[in-house]
Amino acid sequence: MSQQRVMFAVLGAVIRRPSLWATALLEARRFVPDDWLRRRPFLPLPDPEMLRFRLSTQYGDPESRVVASDVVVWLHWCKAENQRRRRG
């Protein structure tokens, strides 16, 4: 599956879950480097090294493809952790 198809699968999975939209935006912001507007392709894409690290820790292989259902599970976990910290 191509990177573009994976991204559409992830977006589709998140779009169907409005309760995760704010969390998804927050986490996307955390993944994107601050200077993304200064580097080609001028898109808010995650740092490739950070993505490789996350793929290595999640799947054991930096060349793995992201699975949309795993992103949804991770977003639920992020949401719960953010709420726990706020109550804290």
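Source: prediction; values computed, not measured. For the single chain, residues carry numbers from 1 onward in sequence order.
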Going by the rule side chain to side chain contact (heavy atoms under 4.5 Å, CB included), which residues pair with M50 if we only count those two or more places apart in sequence or in a different chain? F31, D47, R54
Where is the tightest heavy-atom contact between T23 and C78, given as atom of each residue plus distance? CG2-CB, 3.9 Å
Please report the interatomic distance OG(S56) to CD(E63), rounded to the nearest 0.5 Å. 8.5 Å
Please report the interatomic distance CG(L43) to CH2(W36), rounded to the nearest 0.5 Å. 7.0 Å
With sequence neighbours left out, what residues match L37 under side chain to side chain contact (heavy atoms under 4.5 Å, CB included)? none
Going hydrophobic residue to hydrophobic residue with side-chain gaps under 4.5 angstrom, can you get from W77 over to V10? yes
Using salt bridge (Lys or Arg N to Asp or Glu O under 4.0 Å) as the criterion, list what pairs up with R84, not counting sequence neighbours. E81
Determine, using the 4.5 Å side-chain heavy-atom cutoff (strictly less than), whether V67 and V6 are members of one ILVMFWY cluster. yes
Contact between L55 and D61 at the side-chain level, heavy atoms closer than 4.5 Å - yes or no? no
Side-chain donor-acceptor distances from residues 12-21 under 3.5 Å, at least two apart:
from, atom 1, to, atom 2, distance (Å)
R16, NH1, G12, O, 3.2
R17, NH1, A13, O, 2.5
W21, NE1, V14, O, 3.1
W21, NE1, I15, O, 3.3

Partner residues of D35 under the side chain to side chain contact (heavy atoms under 4.5 Å, CB included) criterion, sequence neighbours left out: P33, R38, R39
Note: with side-chain heavy atoms under 4.5 Å as the link, the other cluster members for F42 come out as none
Could you pull out all residues at least two apart from D34 that satisfy salt bridge (Lys or Arg N to Asp or Glu O under 4.0 Å)? R29
Residues in side chain to side chain contact (heavy atoms under 4.5 Å, CB included) with L26, at least two apart? R30, N82
E49: partners by salt bridge (Lys or Arg N to Asp or Glu O under 4.0 Å), with sequence neighbours left out: none
Result block: side-chain N/O donor-acceptor pairs under 3.5 angstrom for residues 69-76, not counting sequence neighbours:
from, atom 1, to, atom 2, distance (Å)
D70, OD2, Y59, OH, 2.7

